[in-house]
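First comes the structure, then the notes that go with it.
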Amino acid sequence: MAFNGFKFSDELLNYDVFPKVLVKDKEAEIHIRPLGPRDIFEKGKTYKYLICGLETGRPSDYPATGDYKEFSAVCNDEGGFTIKHTFTREQMHFIRFVDGDGKRMIQFPVYCVDKDLVGRWPLRGDLHMHTKRSDGKQLPAVVCANYRRHGLDFMVVSDHNRYYPSLEAIDTYKDVKIGLTIVPGEEVHMPKVNGQRSDFHVVNFGGEYSVNALTDGPQTEEKGTGKEFRSLNGECPDFMPLAQWEEKIQALADEIDVPDDVDKIPAAVCKWIFDEIRKANGLGIFPHPTWINDVYHVPNAFVKYMTDNRLFDAFEVLGGENYFEHNGFQAIKYYEDKAKGINYPVVGSTDSHSSYDSNRNAFICSTMVFSPENERKALIKSIKDFYSVAIDTINEDFRLVGDNRLVRYTCFLLKEYFPLHDELCREEGRLMKQYATGTEEEKKEAAALLDIIGGRVQKHREKYFDF
């Protein structure tokens with residue numbers, strides 16, 4: 001079955017537990033409030049509960065590490081509890097209530113994080129997708145609305161050869177209050193160099209100017225060379241005619257040293273693109289090398305050259321297609337490189353061309369970024385600093401790729417926090433689409449409602465994270 005959203009457990013529906021994410025070695029005050037389930041606890045009665053670390057084993061079986069602590073608490077007038085505890089290990093813990101015979105009644109998971117994660121909010125986003133401005137199906141603003149409806153906190157519009165659609169999306173919502181951060185970007189495809197084509201793709205996530213539009217191509221053919229269409233803030237390098245660009249790349253190709261099984265022109269183009277994205281303060285993403293486009297999109301020898309030399313900033317380890325060779329082989333490549341000491345940040349993306357549910361691949365992958373702000377520069381820095389996890393939602397149950405520690409934390413969040421988060425995003429996404437496509441009266445209504453609800457996801461974060 002296809003993925004249909006992060007699932008609510010009965011405990012998540014029946015009890016509100018907050019905060020859920022706690023800080024190591026800091027006393028936490030945790031509230032457990034019933035949300036209308038069958039009564040389990042009697043008001044005024046004292047109950048025994050255990051604090052159980054998920055990763056340390058049963059004390060009876062593993063006394064060297066087992067860590068169950070026993071406490072008691074009085075059920076309050078709400079039918080719940082307020083308890084205090086200082087957690088000393090980064091891991092998931094259960095707050096487990098037991099009866100007089102020691103039998104489990106109910107348990108509530110919480111997560112303790114070390115101090116480097118304190119103040120880093122978990123933000124889920126998509127770093128690669130398309131609209132009707134290239135080969136997608138919907139307008140840039142509609143794509144953004146649809147993905148907010150499905151719980152994204154940030155996203156890029158990365159149309160083929162074109163940067164201006166991302167500016168169009170940002171401009172659409174500039175006067176309304178939304179919780180979705182729309183990042184400028186593009187999928188970069190440069191022209192042939194002296195007749196030789198370089199058929200790899202690069203995603204410019206968050207760059208302050210267009211790399212495609214530095215020379216001739218669809219962007220400049222459609223919008224000209226005006227900087228207002230080529231940059232986020234009106235500043236970018238001067239336009240180069242195609243002949244000048246070819247000369248630059250040929251000179252670079254003559255300089256670089258590559259293995260015998262790697263073509264110099266594509267290697268030079270690739271290096272130049274990633275260098276330009278960094279100059280633009282963006283994140284250069286190497287996407288879908290094992291996409292089967294007749295044969296592999298990028299030869300294995302070229303992929304090895306790319307990873308061995310870390311030409312890119314982040315590797316799109318998940319996304320684009322739902323057959324195993326795509327994500328499966330890319331994930332194997334990532335872990336093999338990691339075992340060799342070759343480490344690079346990973347991201348997951350849909351590479352979608354339609355944001356409707358009818359598209360089987362519309363919601364297949366995303367990225368969790370642990371960032372101090374839901375803002376372009378902070379997101380880019382956090383990914384470069386290895387605070388990201390790729391999320392595979394091709395099938396009914398999610399899968400994760402990334403650093404072991406962050407994967408464990410992300411797994412907890414997708415089960416215990418994001419079902420609640422995504423509920424809040426649905427109405428905001430619906431109103432965004434109404435604002436982008438509705439009548440004048442409908443736009444006014446949507447803007448007014450967005451002004452009311454626009455900050456609630458951040459308030460929700462602050463409730464569930466003890467930062």
Side-chain angles (χ1 to χ4, degrees), residues 2-6 123-160 162-187 205-206 319 349-367 374-376 379 393 418-461:
F3 181 78
N4 193 32
F6 300 108
L123 303 167
R124 193 165 66 89
D126 194 323
L127 295 93
H128 182 185
M129 60 174 60
H130 303 282
T131 79
K132 70 179 292 183
R133 298 296 181 231
S134 60
D135 58 348
K137 298 290 182 64
Q138 294 91 37
L139 288 167
V142 171
V143 171
C144 294
N146 289 342
Y147 278 104
R148 181 57 168 172
R149 187 170 60 86
H150 283 272
L152 293 194
D153 297 300
F154 68 91
M155 60 172 286
V156 68
V157 170
S158 57
D159 273 317
H160 297 285
R162 297 160 177 86
Y163 183 86
Y164 72 86
S166 66
L167 302 181
E168 177 186 331
I170 293 168
D171 186 66
T172 298
Y173 296 111
K174 70 180 188 300
D175 295 325
V176 290
K177 187 176 182 180
I178 60 173
L180 176 71
T181 295
I182 305 170
V183 172
E186 61 192 341
E187 188 160 2
F205 176 87
S349 304
T350 59
D351 189 7
S352 77
H353 293 69
S354 172
S355 57
Y356 290 167
D357 293 353
S358 57
N359 175 17
R360 171 67 175 83
N361 291 350
F363 310 105
I364 61 172
C365 296
S366 58
T367 302
N374 189 10
E375 181 271 336
R376 176 179 62 89
L379 291 165
T393 44
F418 273 89
L420 301 169
H421 165 279
D422 293 358
E423 271 200 325
L424 296 180
C425 296
R426 290 189 186 101
E427 177 61 6
E428 186 174 315
R430 189 194 70 79
L431 289 169
M432 286 173 62
K433 184 175 181 181
Q434 179 178 322
Y435 178 80
T437 64
T439 64
E440 286 304 313
E441 184 177 346
E442 288 168 339
K443 287 183 179 183
K444 288 179 183 178
E445 178 190 53
L449 291 171
L450 285 168
D451 188 59
I452 294 170
I453 69 172
R456 64 180 181 170
V457 172
Q458 181 58 30
K459 290 180 182 177
H460 188 257
R461 291 188 189 105

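Just so you know, these numbers use all the heavy atoms, side chains as well, and skip hydrogens, waters and symmetry mates. Keep in mind the model is a prediction, meaning the values are calculated, not measured.
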Original post:
What orientation do Phe154 and Phe205 show, parallel under 30°, tilted 30 to 60°, or perpendicular over 60°?
Top reply: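 It falls in the perpendicular class, over 60°.
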Check whether [X] reaches the backbone of [Y] with its side chain - one donor and one acceptor, N or O, closer than 3.5 Å.
X	Y	answer
Glu168	Ala141	no
Arg376	Val183	no
Ser349	Asp351	no
Thr181	Asn374	yes

Just how far is it from atom [atom1] of [X] to atom [atom2] of [Y], taken to the nearest 0.5 Å?
X	Y	atom1	atom2	value
Asp175	Asp171	CG	CG	8.0 Å
Thr437	Glu442	OG1	CD	7.5 Å
Phe363	Ser355	CZ	OG	6.5 Å
Cys365	His128	SG	NE2	11.5 Å
Thr367	Arg124	OG1	CZ	10.0 Å
Met432	Ile178	CE	CD1	4.0 Å

Does the side chain of [X] reach to within under 4.5 Å of the side chain of [Y], using non-hydrogen atoms?
X	Y	value
Leu180	Cys144	yes
His130	Glu187	yes
Tyr147	Ser352	yes
Leu152	Cys425	no

Please determine if [X] and [Y] form a salt bridge, counting it only when a charged side-chain N lies under 4.0 Å from a carboxylate O.
X	Y	value
Arg430	Glu427	yes
Arg461	Asp153	yes
Arg149	Asp422	no

**OP:** Applying side chain to side chain contact (heavy atoms under 4.5 Å, CB included), run through Val143 and Met129 and close with a yes or a no.
**Re:** CA-CA 9 Å; Val143 171; Met129 60 174 60; 3.5 Å; yes
**OP:** Kindly say whether the aromatic ring centers of His421 and His460 come within a distance under 6.0 Å.
**Re:**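 Not under 6.0 Å, so no.
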**OP:** Could you check Lys444 against Leu449 for side chain to side chain contact (heavy atoms under 4.5 Å, CB included), going step by step and ending with a plain yes or no?
**Re:** CA-CA 9 Å; Lys444 288 179 183 178; Leu449 291 171; over 6 Å; no
Checking side-chain polar atoms at under 3.5 Å, does [X] have a donor or acceptor matched by the opposite partner on [Y]?
X	Y	result
His150	Asp126	no
Tyr435	Thr172	no
Asn359	Ser354	no

**OP:** Go through the steps for Arg133 and Tyr164 under the test side chain to side chain contact (heavy atoms under 4.5 Å, CB included), then give the verdict.
**Re:** CA-CA 9 Å; Arg133 298 296 181 231; Tyr164 72 86; 4.3 Å; yes
Original post:
Given Arg162 and Glu186, is the salt bridge (Lys or Arg N to Asp or Glu O under 4.0 Å) satisfied, shown in steps?
Top reply: CA-CA 6 Å; Arg162 297 160 177 86; Glu186 61 192 341; over 6 Å; no
Subject >> Given Pro140, Pro165, Pro184, the one that forms side-chain contact (heavy atoms from CB on, under 4.5 Å) with Ile170 >> reply: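 Answer to the side-chain contact (heavy atoms from CB on, under 4.5 Å) test with Ile170 among Pro140, Pro165, Pro184: Pro184.
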**OP:** Starting from the C-alpha separation in whole Å, work towards a yes-or-no answer on side chain to side chain contact (heavy atoms under 4.5 Å, CB included) for Leu167 and Val157.
**Re:** CA-CA 9 Å; Leu167 302 181; Val157 170; over 6 Å; no
Original post:
So does Lys132 have more than 12 non-hydrogen atoms from other groups sitting under 6.0 Å from NZ?
Top reply: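 No, the 6.0 Å shell around NZ holds no more than 12 heavy atoms from other groups.
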